[in-house]
Amino acid sequence: MMIEVAAIFNLAFGVFHLFFWRLLNWSEQLKKVSPVNRAVFQALNICLTFMFFLMAYVFLFHANEVYASTVGKVLLIGMAVFWCLRAVIQIYLFDLSGRIHQFLLFLFIVGIILHLIPLFF
C-alpha cells in the first residue's frame, strides 16, 4: 500500500512539473536567459517529468516486484535519496522565508519518508 502512495506522490509531482511553463511564466522569463540555458531548463524539466511518471508507473503497476526484488529496493532507496537531495537543494538555493518554499521543503521530506517506509514492511 505504501508503494502506491509513493507512486501517487511521484505522479502528482510529474503533473506539477507539466505546469511549470505557466506557473513560472517561462514564456517570458526564459527569454531573459541564453538560448542554451533556455533549452537546458526545458529539457531538464521534460526529462524530470518523465522520470516522475515512470516511477509512478513502476510503483503502481509493479508494486509486488518492487517489494520482492533487490532492484525494487534500489529504486525506493534511489528515490528517497533523490527527495533528500531535493530537500537539501531547497534549503541552500531557495529563500525559505516564503511559505511556498517552506511547503515544498516539507513535501520533499514527505517524499523521503514515503519512499523509505516500504523498505520496512
Side-chain angles (χ1 to χ4, degrees):
M1 176 64 182
M2 286 310 298
I3 287 180
E4 290 83 357
V5 175
I8 292 166
F9 183 84
N10 289 308
L11 181 65
F13 264 96
V15 171
F16 176 57
H17 274 258
L18 288 176
F19 288 97
F20 270 22
W21 278 267
R22 175 167 281 154
L23 290 171
L24 300 175
N25 193 22
W26 277 2
S27 61
E28 290 301 317
Q29 292 297 319
L30 291 181
K31 289 178 183 176
K32 300 174 185 178
V33 299
S34 72
V36 169
N37 282 328
R38 182 171 38 252
V40 168
F41 274 110
Q42 293 177 80
L44 287 174
N45 188 58
I46 290 167
C47 291
L48 184 57
T49 302
F50 170 78
M51 291 306 298
F52 285 139
F53 288 145
L54 177 62
M55 289 296 96
Y57 169 80
V58 169
F59 293 157
L60 274 177
F61 296 103
H62 300 283
N64 291 334
E65 293 95 322
V66 173
Y67 274 116
S69 71
T70 302
V71 171
K73 290 174 179 47
V74 167
L75 287 175
L76 286 168
I77 292 168
M79 287 304 293
V81 171
F82 170 86
W83 289 112
C84 184
L85 178 62
R86 187 57 188 88
V88 170
I89 290 168
Q90 188 73 10
I91 292 167
Y92 285 102
L93 296 182
F94 292 85
D95 179 11
L96 290 181
S97 65
R99 289 192 186 258
I100 187 68
H101 297 293
Q102 294 169 4
F103 180 67
L104 286 170
L105 176 60
F106 170 76
L107 286 179
F108 302 149
I109 294 168
V110 168
I112 298 165
I113 295 165
L114 287 177
H115 289 85
L116 289 178
I117 288 175
L119 296 169
F120 300 101
F121 294 99

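As the structure is a computational prediction, the values presented were derived from the model and not from experiment. Only heavy atoms go into these numbers, but all of them, side chains included; no hydrogens, no water, no symmetry mates.
Screening Phe82, Trp83, Phe94 for a ring pair (Phe, Tyr, Trp, His ring centres under 6.0 Å) involving Phe108 leaves a single residue, Trp83.
The backbone N or O of Gly72 sits nowhere less than 3.5 Å from a side-chain atom of Glu65 that would complete a donor-acceptor pair.
The two residues Lys31 and Ser27 make their nearest non-hydrogen contact at CE-O, 3.1 Å. Nearest heavy atoms, Leu105 versus Ala87: CD1-O, 3.5 Å. Nearest approach of Val33 to Arg38, heavy atoms of both residues: O-NH1, 3.3 Å. Looking at every heavy atom in both residues, Leu60 comes nearest to Ala7 through CG-CB, 3.4 Å. Minimum heavy-atom separation, Leu107 to Phe9: O-CZ, 3.2 Å.
Distance check: Asn10 CG to Met79 CE gives 4.0 Å after rounding to the nearest 0.5 Å. In this structure, Leu114 CG and Ile3 CD1 are separated by 11.5 Å, a value rounded to the nearest 0.5 Å. Atom OH of residue Tyr67 and atom NZ of residue Lys73 lie 9.5 Å apart, to the nearest 0.5 angstrom. If you take CD on Gln90 and CG on Asp95, they are separated by 10.0 Å, rounding to the nearest 0.5 Å.
More than 12 heavy atoms of other residues, nucleotides or ligands lie within 6.0 Å of CZ in Phe20, so this atom counts as buried by the packing criterion.
Taking the centre of each ring, Phe53 and Tyr57 stay at or above the 6.0 Å mark.
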